[in-house]
Amino acid sequence: MGLHVANSFLDLWRASGRDHELGKTGSLPAPLDRLNGETLAARDGAHPLAFLTGAELLTPCTGGLTGDIEIRAGSLVGGEIHARLRVRAAKEIKARGTRVALKGYLVREVTQSHTEKVGDQENTTTWIEVLATEIANVPLIEIAVPATLAPNDEIDLAMLAPAPKLGPPSVHLGAYMVVWTLQVEWDIAAGADERVAAVIDVAQNPDLLRSGVLSLGPSAMMAAWSEGEVSMDVDPAPPIAPGSTLKVNVRWPSASGGRGARVELYADLKMALPVRIAAAALATSDLAKGSEITFEIPNDAPPVFDGAGLSLRYRIRVLIDRPLRSDLAAERNVVIG
């Protein structure tokens, strides 16, 4: 039995490279502006964002401050964010006020082009640029931070914030990324604001997946599934954790002939082509009598989610390859997250 499994979800995009496009740059809003420049642009067909993380994009502190926001691990969609602000003033800060907020961003790759006419000829240059859009801004008015600081003044403050109620979670989808941040800003009159920020890893909440709030498809949370004579049972029962093993017991009693069969695992991202994560080839005779396929789910496989104009679903597909005729296929959904 031939088996192909992606070692990493992001490696499926990294295979296209990150080659820079001469003279092209990208720019993201603060505080995700640390790598602004040529790192955020690449040749057409490349995927520069697949090589980056939210933490690498972050400028954690502006020049008037030293320190950071420490985030306690374990934040879930619909839960709480526990953090601690520890900063020291590198200079005198006199602000009109302070703002504490939970902010979310959709970071994405966009195809850009420029056409230049030289005489009778038109030359078009196309490249990939990384951009970002703010998708959420939740003020945390109950957290009081001093607006005036003398040089070397320190702040050590525990902070509690609500995680996004329904998501989306923090995800990296190769060409898209959802980044959540906790930010404290000092509003400086007639000058650049001071800021300290941290990236928050907000995981998908299994209770949300089980609640029925997300439309997952009738088979997505089932261990045993059949339609007509085709059965595809999974072990363990969904949701399946990234980095774990998924066993698929598949049986198609009437399968015969053809050039063979495949069992495949796909990720379906809204407004993008399906991505095949794993595939196993087998003889139709093995499919007819029933076979067990084992897939290793990549550690970085993003969870099923809806939000920020995106959605991600996973499906298992069994296909009978028939030469000179249309293939036969059956599918079921499965939840990873």
Side-chain angles (χ1 to χ4, degrees), residues 9-10 13 26-36 39-41 47-60 69 71 74-83 99-112 128-141 143 159-185 193 195-205 207-209 211 213-216 267-272 300-313 337:
F9 184 87
L10 290 179
W13 279 266
S27 178
L28 302 182
L32 302 181
D33 55 353
R34 183 179 177 185
L35 298 180
N36 283 1
T39 302
L40 301 183
H47 286 295
L49 187 58
F51 295 86
L52 303 173
T53 67
E56 290 172 327
L57 296 174
L58 183 78
T59 299
I69 300 175
I71 306 293
S75 298
L76 295 175
V77 169
E80 296 177 333
I81 298 167
H82 295 264
R99 299 182 293 266
V100 183
L102 172 70
K103 294 185 179 183
Y105 301 88
L106 174 62
V107 186
R108 65 196 190 280
E109 295 178 350
V110 177
T111 301
Q112 306 279 34
I128 300 297
E129 186 174 330
V130 178
L131 303 175
T133 304
E134 187 178 290
I135 58 172
N137 185 343
V138 182
L140 306 174
I141 58 177
I143 301 176
M159 298 192 292
L160 177 64
K165 186 175 181 180
L166 295 176
S170 303
V171 291
H172 200 324
L173 305 165
Y176 300 88
M177 182 163 52
V178 174
V179 180
W180 289 99
T181 65
L182 188 60
Q183 303 183 28
V184 181
E185 298 175 293
D193 292 346
R195 178 189 297 102
V196 59
V199 169
I200 311 160
D201 182 13
V202 181
Q204 182 61 286
N205 193 326
D207 291 339
L208 179 66
L209 299 177
S211 69
V213 173
L214 303 182
S215 177
L216 301 174
D268 295 314
L269 178 64
K270 182 180 178 182
M271 298 185 298
D300 60 347
V304 163
F305 76 96
D306 287 333
L310 300 171
S311 68
L312 180 68
R313 299 291 185 268

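Reckoned from all heavy atoms, side chains included, excluding hydrogens, waters and symmetry mates. The first residue in the sequence is number 1, and the count goes up from there.
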Task: Taking every non-hydrogen atom, the tightest pair across Asp193 and Arg99 - done: OD2-NH2, 3.3 Å
Task: Trace of the side-chain contact (heavy atoms from CB on, under 4.5 Å) decision for Val202 with Leu76 - done: CA-CA 5 Å; Val202 181; Leu76 295 175; 5.9 Å; no
Open item on the list: In the structure I gave you, are the side-chain heavy atoms of Ile128 and Pro48 within less than 4.5 Å of one another anywhere?
Closed with: yes
TODO: Locate the shortest heavy-atom distance separating Ala163 from Ile81; write the atom from each residue and the value.
DONE: CA-CD1, 3.8 Å
TODO: Using side-chain hydrogen bond (donor to acceptor under 3.5 Å, both in side chains) as the criterion, list what pairs up with Asp33, not counting sequence neighbours.
DONE: Thr59
Task: Short side-chain to backbone donor-acceptor contact, Thr181 and Gln183, under 3.5 Å - done: no
Task: Phe305 side chain near Ser311 side chain, heavy-atom distance below 4.5 Å - done: no
Open item on the list: Determine whether a donor-acceptor pair (N or O, by modelled atom type, separation under 3.5 Å) exists between the side chain of His172 and the backbone of Gly174.
Closed with: yes
Task: Side-chain touch Leu166/Leu214, heavy atoms, less than 4.5 angstrom - done: no
- [ ] Could you tell me which non-hydrogen atom of Arg108 sits nearest to which non-hydrogen atom of Ala132, and how far apart they are?
- [x] NH1-C, 3.9 Å
TODO: Kindly indicate whether the side chain of Leu140, heavy atoms from C-beta on, has any atom under 4.5 Å from the side chain of Pro162.
DONE: yes
Task: Distance in Å, Met177 CE paired with Leu310 CG, rounded so as to fall on 0.5 Å steps - done: 12.5 Å
Open item on the list: Suppose we screen for salt bridge (charged side-chain N to carboxylate O under 4.0 Å, His left out). Which residues come up paired with Arg195, at least two apart in sequence or across chains?
Closed with: Glu185
Open item on the list: On a heavy-atom basis, which atom in Pro168 and which in Trp180 lie closest, and how many Å separate them?
Closed with: O-NE1, 2.8 Å
- [ ] Identify the heavy atoms of Leu312 and Ala267 that sit nearest to each other, and give their distance.
- [x] CD1-CB, 4.2 Å
Open item on the list: With a 4.5 Å cut-off on side-chain heavy atoms, are Ile71 and Asp201 touching?
Closed with: no
Task: Carboxylate-amine/guanidinium proximity below 4.0 Å for Lys270 and Asp306 - done: no
Task: From CA spacing to verdict: side-chain contact (heavy atoms from CB on, under 4.5 Å), Tyr105, Val178 - done: CA-CA 6 Å; Tyr105 301 88; Val178 174; over 6 Å; no
- [ ] With rounding to the nearest 0.5 Å, note down the distance linking CG in Leu182 to CD1 in Ile69.
- [x] 4.5 Å
TODO: Report, as yes or no, whether the 6.0 Å neighbourhood of atom CZ on Arg34 holds more than 12 heavy atoms from other residues, nucleotides or ligands.
DONE: no
TODO: Could you check if a side-chain atom of Val130 sits within less than 4.5 angstrom of a side-chain atom of Thr39, using non-hydrogen atoms only?
DONE: no
Open item on the list: Run the side-chain contact (heavy atoms from CB on, under 4.5 Å) test on His82 and Leu160 for me, step by step, so that the C-alpha distance in whole Å, both residues' side-chain angles and the decisive distance to 0.1 Å come before the verdict.
Closed with: CA-CA 5 Å; His82 295 264; Leu160 177 64; 3.4 Å; yes
Task: Member of Leu32, Leu49, Leu131, Leu57 meeting the side-chain contact (heavy atoms from CB on, under 4.5 Å) criterion with Leu40 - done: Leu57
Task: Taking every non-hydrogen atom, the tightest pair across Glu80 and Ser75 - done: O-OG, 3.6 Å
Open item on the list: Set out, in order, the CA-CA distance, both residues' side-chain angles and the distance that settles side-chain contact (heavy atoms from CB on, under 4.5 Å) for Met159 and Val100, then state yes or no.
Closed with: CA-CA 10 Å; Met159 298 192 292; Val100 183; 4.3 Å; yes
- [ ] Could you tell me whether the side chain of His47 reaches within less than 4.5 Å of the side chain of Glu109, counting heavy atoms only?
- [x] yes
Task: Pairwise side-chain contact, Leu209 with Pro303, heavy-atom cut-off 4.5 Å (strictly under) - done: no
